Asker: 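Take a look at this one; I'll ask things after.
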Amino acid sequence: MIAYSSVYGGTEAVVEILAAKLAQKGVKDIKMFDVSFAEHSKVLAEAFKKSHIILATTTYNASIFESMNRFIHSLVSHNLQNRKYVLIENGSWAATCGGIMRTELEKLKGSEFIAENFCIKSAMKEEQLVELNNVVITIENSLSL
Ligand SMILES: Cc1cc2nc3c(=O)[nH]c(=O)nc-3n(C[C@H](O)[C@H](O)[C@H](O)COP(=O)(O)O)c2cc1C
C-alpha cells in the first residue's frame, strides 16, 4: 500500500513512478491513497490487509504534513504491528519528516524499515532514479517475487 501527501506534486510524482515500477515488476493489488483526500478509515483498513506500506510526505514547519501526521497517529493508536515500511521524505531546505515518521512507527511492535529513507528536495532529480530503482528491487526481494 502507498499512502502519501503532497502539496505541489513533487512527492506525488515520486509515488506514481514508484507504483508504476512496482506494477511492472509484477506486484499485484497496489493500493495508493492521498491521505489529504482519502477517508482515513479506508486507508487504515487497507493497511491492515497489506504486508508492505510505503509512506511519502512533505516536511511542514520542521514536522510531518498535517494529514499524514494524523494518519500515522491512527496507525499507532490502532497498534498496527509487523509491517514492512519504506519512507519517502520531501523537504525544500531541511527534510525532517522521514525521521519523525520513523520514530512514530518504531513505537509499533515488529515495524521493519526495509530501505533507507528516500529523500527528495522539492522534486526528484533524474539522477535519483537509480536510487529509486534500488528501492524497487529491495521491495521486490522483500516480497519474494
Ligand atoms: C508552510 C510550509 C512549511 C514548510 N516547512 C518546511 C520545512 O520545515 N522544511 C523543509 O525542508 N521544507 C519545508 N517546506 C517545503 C516543503 O517541504 C516542500 O514545498 C515540499 O516538500 C514539496 O513537496 P510537494 O511538491 O510534494 O508538495 C514547507 C512548505 C510550506 C508551504
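Predicted model, so just to flag it, every value in this text is computed and none were measured. Note that ligands are numbered from 1 as they come in the structure, with each ligand's atoms numbered from 1 the same way.
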Asker: Heavy atoms under 4.0 Å from ligand 1: which residues qualify?
Answerer: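 The 4.0 Å shell around ligand 1 contains Ser6, Val7, Tyr8, Gly9, Gly10, Thr11, Thr58, Thr59, Tyr60, Asn61, Ala62, Asn90, Gly91, Ser92, Trp93, Ala94, Ala95, Ser122.
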Asker: Would you tabulate the side-chain donor-acceptor contacts of residues 40-56 under 3.5 Å, counting partners in other chains and residues two or more places apart, or write 'none'?
Answerer:
unit_1 : atom_1 : unit_2 : atom_2 : d
His40  : NE2    : Val35  : O      : 2.8
Ser41  : OG     : Glu39  : OE2    : 3.2
Glu46  : OE2    : Lys50  : NZ     : 3.2
Lys50  : NZ     : Asp29  : O      : 2.9
Lys50  : NZ     : Asp29  : OD2    : 2.9
His52  : NE2    : Ser142 : OG     : 2.7

Asker: Could you list the donor-acceptor pairs under 3.5 angstrom formed between side-chain atoms of residues 86-97 and any protein atom two or more places apart in sequence or on another chain?
Answerer:
unit_1 : atom_1 : unit_2 : atom_2 : d
Glu89  : OE1    : Gly98  : N      : 2.8
Asn90  : OD1    : Ser122 : N      : 2.8
Asn90  : ND2    : Thr11  : OG1    : 3.0
Asn90  : ND2    : Ser122 : O      : 3.0
Ser92  : OG     : Ser122 : OG     : 2.8
Thr96  : OG1    : Ala62  : O      : 3.0

Asker: Rounded to the nearest 0.5 Å, how far does CZ of Arg83 lie from CG of Leu108?
Answerer: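 Answer for the CG-CZ pair, Leu108 versus Arg83, is 10.0 Å.
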Asker: Any chance NZ of Lys109 has more than 12 other-residue heavy atoms, nucleotides or ligands included, within less than 6.0 Å?
Answerer: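 Count not over threshold, so no.
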Asker: Less than 4.5 Å apart, side chain to side chain, heavy atoms only: is that true for Met32 and Glu16?
Answerer: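 Met32 vs Glu16: side chains touch.
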Asker: With a cut-off of 3.5 Å and sequence neighbours excluded, list every side-chain donor-acceptor pair involving residues 112-120.
Answerer:
unit_1 : atom_1 : unit_2 : atom_2 : d
Glu112 : OE1    : Lys84  : NZ     : 3.3

